[in-house]
Amino acid sequence: MRLDDLLRGSLHDVAQGLLGWTILRDGVGGRIVEVEAYAPDDPASHAFRGRTRRNGSMFAAPGTLYVYRSYGIHWCANVGCEPEGTGAAVLLRALEPTAGLAEMRARRGNVRDRDLCSGPGKLTEALGITAADDGVRLGIPPYVLEPPHVAPDVVTTPRVGITKATDLPWRYLIRGTRWASRGPRPASP
DNA sequence: TGGGCGATTCGCT
DNA sequence: GCGAATCGCCCAC
């Protein structure tokens, strides 16, 4: 599967389809194990109230990175999806670190390896993603995405940390992963 | 034009 | 388990 083909799919297909892919920024990164989908008509989405200065890159071409400041402290990274111009996006929530571990440890400070990328704010810090990456296109340097050899089993749960549309089961994880963020864990196999 | 709040994380209890 | 840190957006005044 090529990245462009994956990104051509609908929001939830892209969200689930991103699981197992390896995302690298300047060679540092890992396997995507947890994501959440945010739809255009979704009250929990930043795109719900239309385009603003902050969320402009949500409305760009599929595969565009939308990076925003969370709680004034952390950066969170989303992948823009089809249909282009609607604000549909997938939030990257956790990675299994596979490349550039030393770099990630240096950026993340004194944390256990399983906490290097186990959260949306953690993985951006580990990969060095900041506002400067907002609007950047995935799949071209410094961002490389590698597909999984085998599509992973997917577990679905409600999304984490939001106050609106909390019932929608739009969080997707690789079944059995130990690299997910806090919050509801996937059911045991 | 300003107060409240959020797709979070970490340290201390 | 709870609360602080901290900034831009949103909506009400």
Side-chain angles (χ1 to χ4, degrees), chain A residues 11-12 14-19 21 23 25 29-30 32-60 62-81 86-97 103-136 138 154-174 177-186:
Chain A
L11 172 63
H12 296 280
V14 175
Q16 298 181 50
L18 277 170
L19 295 176
W21 281 69
I23 180 171
R25 181 179 180 275
I32 300 171
V33 300
E34 177 185 355
V35 300
E36 285 177 357
Y38 286 86
D41 59 348
D42 173 359
S45 171
H46 289 175
F48 182 63
R49 298 185 183 284
R51 185 171 183 151
T52 67
R53 182 189 284 103
R54 172 173 70 162
N55 69 16
S57 54
M58 290 185 92
F59 296 81
T64 300
L65 209 54
Y66 163 50
V67 180
Y68 72 93
R69 184 77 106 170
S70 175
Y71 290 90
I73 302 174
H74 308 289
W75 299 106
C76 292
N78 299 252
V79 181
C81 295
T86 65
V90 173
L91 171 68
L92 302 177
R93 286 196 55 92
L95 308 180
E96 172 186 344
E103 185 94 44
M104 288 194 260
R105 291 188 188 109
R107 288 172 174 152
R108 291 281 295 126
N110 184 29
V111 301
R112 297 168 299 176
D113 278 4
R114 73 178 296 162
D115 288 326
L116 283 176
C117 298
S118 59
K122 297 176 185 178
L123 74 87
T124 54
E125 184 174 43
L127 271 61
I129 297 173
T130 69
D133 296 73
D134 183 51
V136 167
L138 295 183
V154 178
V155 175
T156 302
T157 81
R159 294 176 292 185
V160 175
I162 56 174
T163 59
K164 299 164 189 163
T166 55
D167 54 318
L168 298 175
W170 288 356
R171 179 191 189 214
Y172 305 107
L173 307 98
I174 293 181
T177 183
R178 70 186 196 92
W179 302 97
S181 70
R182 57 117 205 203
R185 299 278 166 171

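In this structure, the CG atom of L123(A) is 13 Å from the C1' atom of dT9(B), given to the nearest Å. Regarding L173(A), its CG atom lies at a distance of 18 Å from the P atom of dA7(B), rounded to whole Å. For the pair F48(A) CZ and dC10(C) P, the interatomic distance rounds to 13 Å; values are reported in whole Å. In this structure, NE2 of H46(A) is placed 12 Å from C1' of dC10(C), rounded to the nearest angstrom. Rounded to a whole Å, the CZ atom of R49(A) is 15 Å from the C1' atom of dA7(B). For the pair R93(A) CZ and dT9(B) P, the interatomic distance rounds to 7 Å; values are reported in whole Å. Protein atom CZ of R108(A) is 8 Å distant from nucleotide atom P of dT9(B), rounded to whole Å. Taking atom CZ on R51(A) and atom P on dC10(C), their separation rounds to 13 Å, with Å as the unit.
Between the side chain of E36(A) and the backbone N or O of R93(A), no donor-acceptor pair lies under 3.5 Å. Between the side chain of T124(A) and the backbone N or O of G121(A), at least one donor-acceptor pair lies under 3.5 Å. Listed for the Q16(A) side chain is no donor-acceptor partner under 3.5 Å among the backbone atoms of V154(A).
Under the 4.0 Å criterion applied to side-chain N and carboxylate O atoms, R107(A) and E125(A) are not assigned as salt-bridge partners.
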Original post:
Reading DNA chain C 5' to 3', how would its secondary structure be written in dot-bracket notation, given Watson-Crick and G-U pairs with both distances under 3.5 Å, brackets [ ] for crossing pairs and | for partners on other strands?
Top reply: |||||.||||||.
Distance-only check: which donor-acceptor pairs under 3.5 Å involve side-chain atoms of residues 40-52 of chain A, not counting sequence neighbours?
residue	atom	partner	partner atom	Å
D42(A)	OD1	A44(A)	N	2.9
D42(A)	OD1	R159(A)	NH2	3.2
D42(A)	OD2	A39(A)	N	3.4
D42(A)	OD2	R159(A)	NH1	2.5
D42(A)	OD2	R159(A)	NH2	3.3
S45(A)	OG	A47(A)	N	3.0
H46(A)	ND1	Y66(A)	OH	2.8
T52(A)	OG1	R54(A)	N	3.4
T52(A)	OG1	N55(A)	N	3.3
T52(A)	OG1	N55(A)	OD1	3.4

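Dashed line: the shortest gap from a side-chain N or O of K122(A) to OP1 or OP2 of dC10(B) is under 4.0 Å.
Each of R108(A), R105(A), R178(A) was checked for a salt bridge (Lys or Arg N to Asp or Glu O under 4.0 Å) with D113(A), and the lone residue meeting it is R105(A). For the pairing with K122(A), the side-chain contact (heavy atoms from CB on, under 4.5 Å) check across V111(A), D115(A), L95(A) returns one residue only, D115(A).
W170(A) CH2 to T156(A) OG1: the interatomic distance, rounded to the nearest 0.5 Å, is 12.0 Å. Atoms CG and OG1, on L19(A) and T177(A) in that order, are 9.5 Å from each other to the nearest 0.5 Å.
Comparing dA7(B) with dG1(C), their P atoms are spaced 22 Å from each other, to the whole Å. The gap from the P atom of dT6(C) to that of dC12(B) amounts to 16 Å, rounded to the nearest Å.
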Nucleotides 5-9 of chain C: which of its N/O atoms have a protein N/O under 3.5 Å away?
residue	atom	partner	partner atom	Å
dT6(C)	O2	Y71(A)	O	2.3
dC9(C)	OP1	R54(A)	N	3.4

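Projected onto DNA chain B by closest heavy-atom contact, I162(A) and V111(A) fall at different nucleotides, the more 5' of which corresponds to I162(A).
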